[in-house]
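Below is one structure; the comments refer to it alone.
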There are 4 protein chains.
Amino acid sequence: MARSAALNQQMRDSSRALILETALKLFSEHGYDRTSIKMIAESAGISQGLLYNYFASKDELLAAIFAQSMSDVQASFAMAEEGSTPAERIERLVRGAFTILRKNQQFWRLSYGLRMQQGVLAGLAKQTRKSTAMIRQTLTRYLRDAGGDNPELDAAILFAIIDGVSQHYVLEPTRYPLDAVADRIIQRFQPAVARTKRAAR
Amino acid sequence: MARSAALNQQMRDSSRALILETALKLFSEHGYDRTSIKMIAESAGISQGLLYNYFASKDELLAAIFAQSMSDVQASFAMAEEGSTPAERIERLVRGAFTILRKNQQFWRLSYGLRMQQGVLAGLAKQTRKSTAMIRQTLTRYLRDAGGDNPELDAAILFAIIDGVSQHYVLEPTRYPLDAVADRIIQRFQPAVARTKRAAR
Amino acid sequence: MARSAALNQQMRDSSRALILETALKLFSEHGYDRTSIKMIAESAGISQGLLYNYFASKDELLAAIFAQSMSDVQASFAMAEEGSTPAERIERLVRGAFTILRKNQQFWRLSYGLRMQQGVLAGLAKQTRKSTAMIRQTLTRYLRDAGGDNPELDAAILFAIIDGVSQHYVLEPTRYPLDAVADRIIQRFQPAVARTKRAAR
Amino acid sequence: MARSAALNQQMRDSSRALILETALKLFSEHGYDRTSIKMIAESAGISQGLLYNYFASKDELLAAIFAQSMSDVQASFAMAEEGSTPAERIERLVRGAFTILRKNQQFWRLSYGLRMQQGVLAGLAKQTRKSTAMIRQTLTRYLRDAGGDNPELDAAILFAIIDGVSQHYVLEPTRYPLDAVADRIIQRFQPAVARTKRAAR
DNA sequence: CATGAATGAGCGTTCATTCAT
DNA sequence: TATGAATGAACGCTCATTCAT
């Protein structure tokens, strides 16, 4: 008889995970275009052919990496939404962004490297644009709820901060003071709220 | 003879400039790796071989593009330095960054796309890191001079804003409210100074 | 025990037949080289590995298909030989050729597609050449017996007709008037015989 | 300055012709699918890359071979049409077919090998079907003009003969008595005409 | 200065075949 | 008997680079 179904599934899962992990590591280090299938296979200790048992193409491998990591973003947004005050929602959103950044820094490095290239992956650009618009809208809403006098502009700035900090962190993860910067952002970015609260005491 | 030499030099310069311009356009559109020498030569209306009369390799062409555009940054910094107050120096630096961003948005798009890849160009990563460190130090100094209570962190944040806004702009240049955002940054990012000034009146 | 062995043999036979059938269908549709083992296995609903339990290689699978279908030809020739007059033997041979063509049109399509390639299968070319020579000789003999004035040339022509008609039929099986063409061939190809017979009445 | 335009064109022409010639030879020997680009390049004494300076793909190389050889067929048909009697037109068409067969036997071998495979070249199947229909119609017309009692069926048979003889010849060009067979076809295939003519004397 | 024919290494991908289970 | 994960060689093709002219 054949190998048991369970064993097969286990083999498949571990191979697939190994490929995804290795590809993400190399993509994020050298960039998508400069990472060859050969590099991935050798680094994972498998044959090039095996990779195609799991992913139909290099593009699909990239898509799978994105699919896997994008669910984090949704979850993080959902958590932010549950904050009880606008200020808390903003804080949750900012801290959540940096939490998933830390957890998955290779992915974000890859993502930031790919963002400027049109046509790397057909659906990817559209997906990214959608995600971006959603973040901007959410930030705007939170800032408006918090009583800001120009929530659109402040949302743009806050979004830029998150993106900018994320990239600076990802470029030098060991040296960047991510937590301190996060605290400072929270502190600085709720002036109206903070001031109101403080005044209320 | 002398005139002939001068004419030659002029032709060389214009050919070189044409290649640089064309390459920058294509690199920024499709990314460095997805732009072939053939594409550049065809788009510039020259032969592939000629390109190698001006640049020893594709890498050197990229290096030349960076060298050309990086001088802008230096000039912009020099201008910032001449502001008469810390607040003005900060403002000049921020506005200068966005001015050169607008002037050379293709380059910045290319640069942001390449930043995450190690080994695209040997010297480039080092150069970029140096430039980055310099910006951070300058910002820190300005913010310290302005009397900020945590200039290092604020410098990190201001730098992140500049980078973040620049990328968002470069992704949608026609729709991004760059000037309004710039004003808002200036306004928001000198709270201590502003408050002090205001209080002094 | 005995029954188990018999059952095993029966399963083997049916699996083998299924593979042969599926392979023939796909080979004839897409050509031998453009049909992968994977396609055959999937289409037959078995694993790729199993196929190698029955056939040592793709080439051997092809050889088995040929072996299976070539016996038809022998049988058909035997039947022709039993005709009581030269004219009847010719008619039987022609009609027999078209009968096995109809019965096994996929095989003939495959065979005609492969015939021009050397080295597809080592033995195949030799086998084909032998078969071809035999047909030519038999036709020549029949035509000589029928009193033709140039049996060699007429045999070449009759053979060409059979092959040509077969291919045209196989290319458009639903539209080709095979029976009418067969009648016409019989009619036209025994003029001397026919005329003699008719005159004798 | 560059090489002269004339020299360049000459180089291009001879390289292109060499590739076409080599590819046709190998395609016809081993079949399209079993002939690799590497084989062609090595056999032609050029690099694999160079081939792509002249043909965008293996498929286009095949298409170019077909385009080159198909014009012969048109010319041959035009010549047949100019015969002064139906019998002469038939003779011209038959002899013309065998003339271009001899002239370009490699091409016809390739063509016969490819005919049974759907989807080798997108446009090819359609083109072939069109050509086939045209031949059949022309033959039918000639035979009707010659006063045949069943021109459709006789056209099918004559067409089959031409195709069948062509393939038998192409399989053993050195041994096949093509001219004698051609004479015999002409002789046998105009019985009504011939008989009429003879009777008239 | 300028051309473009030519190269060769490497790319992403396919596929017949093997083998542990 | 039967599976399917895994291999490795070969495939069609791209592209930065060279060089004779």
Side-chain angles (χ1 to χ4, degrees), chain A residues 1-5 7-12 14-16 33-41 45-61, chain B residues 7-8 11-12 15 33-41 46-61, chain C residues 7-8 11-12 15 33-41 46-61, chain D residues 1-5 7-12 14-16 33-41 45-61:
Chain A
M1 277 292 273
R3 257 181 298 250
S4 78
L7 181 54
N8 264 332
Q9 193 57 44
Q10 186 184 318
M11 286 173 71
R12 279 195 74 80
S14 77
S15 281
R16 200 186 131 95
D33 287 316
R34 296 179 105 83
T35 304
S36 68
I37 295 290
K38 190 168 178 249
M39 284 165 69
I40 298 172
I46 60 168
S47 68
Q48 294 187 51
L50 184 58
L51 197 147
Y52 288 87
N53 275 358
Y54 295 93
F55 303 97
S57 66
K58 195 184 175 189
D59 270 15
E60 271 208 13
L61 173 53
Chain B
L7 189 60
N8 266 339
M11 285 173 64
R12 272 196 75 83
S15 279
D33 289 312
R34 295 174 111 85
T35 304
S36 67
I37 293 290
K38 195 177 172 226
M39 283 165 71
I40 299 171
I46 60 167
S47 66
Q48 295 186 53
L50 184 57
L51 196 148
Y52 285 86
N53 274 353
Y54 294 94
F55 304 97
S57 68
K58 196 184 175 188
D59 271 14
E60 274 209 10
L61 172 54
Chain C
L7 188 62
N8 265 341
M11 285 173 64
R12 270 197 77 83
S15 278
D33 288 313
R34 295 173 111 84
T35 303
S36 66
I37 294 289
K38 195 178 172 225
M39 283 164 71
I40 299 171
I46 60 167
S47 68
Q48 295 187 51
L50 183 57
L51 196 147
Y52 285 87
N53 274 354
Y54 294 93
F55 304 97
S57 67
K58 195 184 174 188
D59 271 14
E60 275 208 9
L61 173 54
Chain D
M1 278 293 273
R3 259 182 297 252
S4 80
L7 181 55
N8 263 330
Q9 192 58 43
Q10 186 185 315
M11 287 173 70
R12 279 195 73 81
S14 76
S15 281
R16 200 187 130 96
D33 287 318
R34 294 179 106 81
T35 304
S36 68
I37 294 291
K38 189 169 177 247
M39 283 165 71
I40 299 171
I46 60 168
S47 67
Q48 295 188 49
L50 184 59
L51 196 146
Y52 289 88
N53 275 358
Y54 294 92
F55 303 97
S57 66
K58 195 184 175 189
D59 270 14
E60 272 208 15
L61 174 54

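Lettering of chains follows the sequences in order, A, B, ..., and the numbering in each one begins at 1.
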Figure out the [atom1]/[atom2] separation between [X] and [N], and round it to whole Å.
X       : N      : atom1 : atom2 : value
D:Leu7  : F:dA20 : CG    : C1'   : 10 Å
D:Tyr54 : F:dG12 : OH    : P     : 20 Å
C:Leu61 : E:dA16 : CG    : P     : 11 Å
D:Asp33 : E:dT14 : CG    : C1'   : 13 Å
A:Ile46 : F:dA5  : CD1   : P     : 13 Å
A:Ile37 : E:dA9  : CD1   : P     : 22 Å
D:Lys38 : E:dG10 : NZ    : C1'   : 15 Å
A:Gln9  : E:dT21 : CD    : P     : 18 Å

First encountered from the 5' end of DNA chain E, between A:Ser36 and C:Ser36: A:Ser36
Pairwise 5' ranking along DNA chain E for B:Ser47 and C:Asp59, keeping only the more 5' one: B:Ser47
Identify the two heavy atoms, one from [X] and one from [Y], that lie closest to each other, and give their separation to 0.1 Å.
X       : Y       : answer
D:Tyr54 : D:Met11 : OH-O, 4.2 Å
B:Arg34 : B:Met39 : O-SD, 3.7 Å
A:Lys58 : A:Ile37 : CG-CD1, 3.9 Å

Using a heavy-atom cut-off of 4.0 Å across all strands, would you classify [X] as base, sugar-phosphate, or nothing?
X       : answer
B:Phe55 : nothing
A:Leu50 : base
A:Leu51 : nothing
D:Ser14 : nothing

F:dA20: pairing nucleotide in any strand, Watson-Crick or G-U under 3.5 angstrom: E:dT3
Pair partner, E:dG8 [Watson-Crick or wobble, under 3.5 Å]: F:dC15
Polar side-chain contact D:Asn53-E:dA5 base: donor and acceptor under 3.5 Å: no
Separation between OG of A:Ser14 and CD of A:Gln9, rounded to the nearest 0.5 Å: 10.5 Å
Separation between OG of D:Ser36 and CD1 of D:Ile40, rounded to the nearest 0.5 Å: 7.0 Å
side-chain N/O D:Arg12 vs E:dG4 OP1/OP2, d < 4.0 Å: no
Phosphate OP1/OP2 of E:dA6 contacted by D:Ser15 side-chain N/O (<4.0 Å): yes
Closest nucleotide among F:dA6, F:dA16, E:dT14 to the A:Tyr52 side chain: E:dT14
D:Gln48 side chain near D:Leu51 side chain, heavy-atom distance below 4.5 Å: no
Nearest-nucleotide comparison on DNA chain F, the residue closer to the 5′ end among C:Gln48 and B:Gln48: C:Gln48
